[in-house]
**Student:** 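This is the structure I want to talk about, given as structure tokens.
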Amino acid sequence: MSFQDLEAGTRSPAPNRFTGGRQQRPSSRGDPSQEVAAGIFRISTAVNSFFRLVNSIGTPKDTLELRDKLQKTRLQISELVKNTSAKLKEASEADLHGSASQIKKIADAKLAKDFQSVLKEFQKAQRLAAEREITYTPVVTKEIPTSYNAPELDTESLRISQQQALLLQSRRQEVVFLDNEITFNEAIIEEREQGIREIEDQIRDVNGMFKDLALMVNHQGNIVDDISSNLDNSHAATTQATVQLRKAAKTQRSNSSLTCLLILIFGIVLLIVIIVVLV
Amino acid sequence: MSILYALVARGTVVLAELSTTSTNASTIAKQILEKIPGNGDSHVSYSQDRYVFHVKRTDGLTVLCMADEDAGRRIPFSFLEDIHQRFVRTYGRAIHSAQAYAMNDEFSRVLNQQIEYYSNDPNADTISRIKGEMNQVRDVMIENIDNILDRGERLELLVDKTANMQGNTFRFRKQTRRFNNTVWWRNCKLTLLLILVLLVIIYIGVAFACHGPTLPSCV
């Protein structure tokens with residue numbers, strides 16, 4: 001067992017007592033302690049794997065895959081250490097508060113020492129891995145590009161200079177042509193702009209005319225309203241005047257009757273007076 | 001504004017031309033054909049007295065026209081573009097191997113039609129058409145404003161007349177009220193007179209019956 005090997009490496013008088021403790025009281029060991037023991041065993045196994053990977057750094061087997069595996073193993077060991085540390089603390093608290101036997105306390109202390117030794121091994125392995133990772137570079141397959149260099153002859157350089165001269169002439173002609181085209185297009189555009197501005201002026205004039213027309217129509221609307229009110233007032237006054245005339249007509253007919261009656265009375269009185277005088 | 005002369009040529013070989021007036025445009029045009037610089041496509045305009053020669057060269061075919069100075073550039077170059085397309089569409093590859101004036105008999109009519117169209121028809125140019133339409137709108141608006149002013153004058157007269165009529169009807173009402181009062185008072189006076197006369201008659205009768213003016217028997 002790894003435990004025995006590790007224990008043999010650290011302390012020599014332990015195995016007899018350890019075995020005797022197990023044989024005498026196997027049921028006295030609690031679950032936290034057993035879990036701590038299992039955790040320490042797993043950490044030890046993982047650290048051994050880690051060591052084998054670290055020993056491969058700097059050899060032809062050192063590849064990117066190896067580095068990835070190293071990283072994963074390191075993370076795994078860190079996780080196991082965290083869990084086992086929690087369990088160990090739990091067992092220690094149980095020892096303090098509970099009525100644990102002396103043999104159990106000694107066993108737990110032994111587990112703690114084992115845990116510390118495993119941690120030291122892991123730290124040593126990590127330090128070694130860091131050094132080797134810095135020193136060595138992983139093997140990467142590279143493609144060597146083919147470089148091609150062909151020296152040019154004087155004849156070719158002369159030809160190139162001639163071609164460049166022709167190219168410059170052609171380019172200059174193109175530039176002149178484009179300048180002419182630009183001038184032509186600018187003239188066309190300015191003429192079009194002039195026409196559009198004239199249309200704009202005409203539209204503005206028509207807009208002013210519409211506004212003037214609106215003002216005049218509104219003003220004439222007011223005049224028509226005045227005419228309407230004048231006519232209404234005239235109609236009302238004429239109606240009242242007609243009523244007055246109708247009343248006057250009735251009164252005048254009454255006057256005519258009274259006048260006739262008065263004339264009749266005077267006639268009768270005059271007749272009586274004449275008769276009396278003659279008699 | 002009008003286009004007076006048009007010409008289609010390949011290099012310096014004239015293929016078709018038309019002139020609407022008797023001028024020396026043909027001679028000047030041939031000189032221009034010989035003096036145009038370069039061999040590529042180009043748009044250029046040359047001024048001569050009151051006329052301008054517009055030249056468009058595309059794909060080896062040269063189209064030239066002479067127009068009034070105030071025709072601008074937009075319409076003449078639209079004309080050149082149109083003539084170029086019609087010529088290429090009509091004659092195709094024959095352009096490159098034709099002899100001088102080979103197309104003149106047929107294409108002169110097309111040139112004449114297009115010169116007439118681009119010189120006189122407002123639809124040849126959108127801006128000119130819109131300008132013409134705006135002129136029509138402005139004329140209609142001026143006519144409308146004249147009509148409104150005329151109506152305004154008549155409305156002014158009408159409002160004056162209705163104001164006078166209103167005044168007259170107010171006076172008419174006042175006079176009829178006064179007349180009514182006069183007639184009423186006359187009626188009142190006649191009524192009082194009638195009552196007085198009746199009283200007098202009754203007094204006289206009673207005096208006779210009582211044997212004296214002071215009524216001694218009845219008292």
Side-chain angles (χ1 to χ4, degrees), chain A residues 173-174 176-177 180-181 183-185 187-188 190-192 194-196 198-199 202-203 205-206 209-210 212-213 216-217 219-220 223-224 226-252 254-255 258-259 261-262 265-266 268-269, chain B residues 38 40-45 72-75 77 125-128 130-131 134-135 137-138 141-142 144-145 148-149 151-152 155-156 158-159 161-184 186-187 189-191 193-194 197-198 200-201 204:
Chain A
Q173 286 183 357
E174 284 184 4
V176 169
F177 174 73
N180 289 332
E181 286 296 309
T183 303
F184 170 72
N185 284 317
I188 295 289
E190 285 181 3
E191 192 171 319
R192 186 184 298 136
Q194 183 67 27
I196 291 170
E198 288 178 7
I199 291 173
Q202 289 180 353
I203 291 173
D205 287 344
V206 171
M209 289 180 185
F210 270 103
D212 292 341
L213 195 68
M216 283 193 277
V217 169
H219 178 62
Q220 292 179 7
I223 293 175
V224 170
D226 289 343
I227 291 169
S228 178
S229 67
N230 286 343
L231 287 174
D232 289 340
N233 292 332
S234 299
H235 181 264
T238 304
T239 303
Q240 292 175 13
T242 303
V243 170
Q244 296 290 329
L245 283 178
R246 200 170 288 119
K247 289 181 182 178
K250 288 173 66 179
T251 306
Q252 198 162 19
S254 178
N255 285 350
L258 288 176
T259 304
L261 191 58
L262 283 171
I265 290 170
F266 271 112
I268 293 171
V269 168
Chain B
D41 301 347
S42 64
H43 300 83
V44 291
S45 300
R73 286 193 181 189
R74 195 175 59 249
I75 293 176
F77 276 100
D125 184 30
T126 303
I127 290 176
S128 297
I130 292 175
K131 208 179 293 183
M134 291 307 299
N135 280 326
V137 171
R138 187 162 61 177
M141 288 305 297
I142 289 171
N144 285 337
I145 288 175
I148 291 292
L149 287 172
R151 192 180 80 163
L155 284 176
E156 291 286 344
L158 192 60
V159 71
K161 289 181 179 179
T162 53
N164 287 331
M165 187 173 73
Q166 178 174 268
N168 290 333
T169 53
F170 285 164
R171 283 196 294 277
F172 177 56
R173 181 177 65 183
K174 198 187 311 181
Q175 288 176 2
T176 54
R177 187 178 291 115
R178 190 179 299 121
F179 176 70
N180 189 29
N181 290 335
T182 302
V183 170
W184 188 80
R186 190 183 302 165
N187 188 19
K189 284 189 284 186
L190 284 176
T191 305
L193 186 60
L194 182 61
V197 168
L198 289 175
V200 167
I201 290 170
I204 290 170

**Student:** For Ile196(A), give me all partners under side-chain contact (heavy atoms from CB on, under 4.5 Å), at least two apart in sequence or on another chain.
**Tutor:**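 Counting only residues at least two positions away or on another chain, Ile196(A) forms a side-chain contact (heavy atoms from CB on, under 4.5 Å) with Arg192(A), Ile127(B).
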**Student:** Need one label for His235(A): side chain, backbone, both or neither, based on atoms under 4.5 Å from any heavy atom in chain B.
**Tutor:**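 For His235(A), there is no contact with chain B at all, as no heavy atom is under 4.5 Å.
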**Student:** Which pair of heavy atoms, one from Gln202(A) and one from Lys131(B), lies closest together, and at what distance?
**Tutor:**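 Scanning both residues completely, I find the closest heavy atoms to be OE1-O, 3.3 Å.
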**Student:** Looking at Ala241(A) and Arg173(B), what are the two nearest heavy atoms and their distance?
**Tutor:**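 It is CB-CA, 3.7 Å.
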**Student:** If you look at every heavy atom in Thr251(A) and Asn180(B), which pair is closest and at what distance?
**Tutor:**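 What the structure gives for the nearest pair is OG1-OD1, 4.4 Å.
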**Student:** Checking heavy atoms, do the side chain of Ile223(A), its backbone, both or neither come under 4.5 Å from chain B?
**Tutor:**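 For Ile223(A), the contact with chain B is made by backbone and side chain together.
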**Student:** Could you label the plane-to-plane angle of the His43(B) and Phe184(A) rings as parallel, tilted or perpendicular, counting under 30° as parallel and over 60° as perpendicular?
**Tutor:**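 Correct class here is parallel.
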**Student:** Evaluate Ile265(A) against Leu198(B) for side chain to side chain contact (heavy atoms under 4.5 Å, CB included), listing each step before the verdict.
**Tutor:** CA-CA 8 Å; Ile265(A) 290 170; Leu198(B) 289 175; 4.0 Å; yes
**Student:** So which heavy atom on Ala237(A) is nearest to which on Thr169(B), and how close?
**Tutor:**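 Reported closest heavy-atom pair: CB-O, 3.6 Å.
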**Student:** Taking all heavy atoms of Val183(B) and all of Gln252(A), pick out the closest pair and write down the distance.
**Tutor:**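 Looking at all heavy atoms of both residues, the shortest contact is CG1-N, 3.6 Å.
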**Student:** Between Thr239(A), Val176(A), Thr259(A), Leu262(A), which shows the greatest number of heavy-atom pairs under 4.5 Å with chain B?
**Tutor:**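 If we count pairs closer than 4.5 Å to chain B, Leu262(A) comes out on top.
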**Student:** For Asp205(A), enumerate each residue passing the salt bridge (Lys or Arg N to Asp or Glu O under 4.0 Å) test, keeping only those at least two apart in sequence or located in another chain.
**Tutor:**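 Expected list: Arg138(B).
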**Student:** At a heavy-atom separation under 4.5 Å, does Glu198(A) approach chain B through its side chain, its backbone, both, or neither?
**Tutor:**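 Side chain of Glu198(A) only, per the 4.5 Å heavy-atom cut-off to chain B.
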**Student:** Decide side chain to side chain contact (heavy atoms under 4.5 Å, CB included) for Ile148(B) and Asp212(A); before the verdict, give the C-alpha distance in whole Å, the side-chain angles of both, and the deciding distance to 0.1 Å.
**Tutor:** CA-CA 10 Å; Ile148(B) 291 292; Asp212(A) 292 341; over 6 Å; no
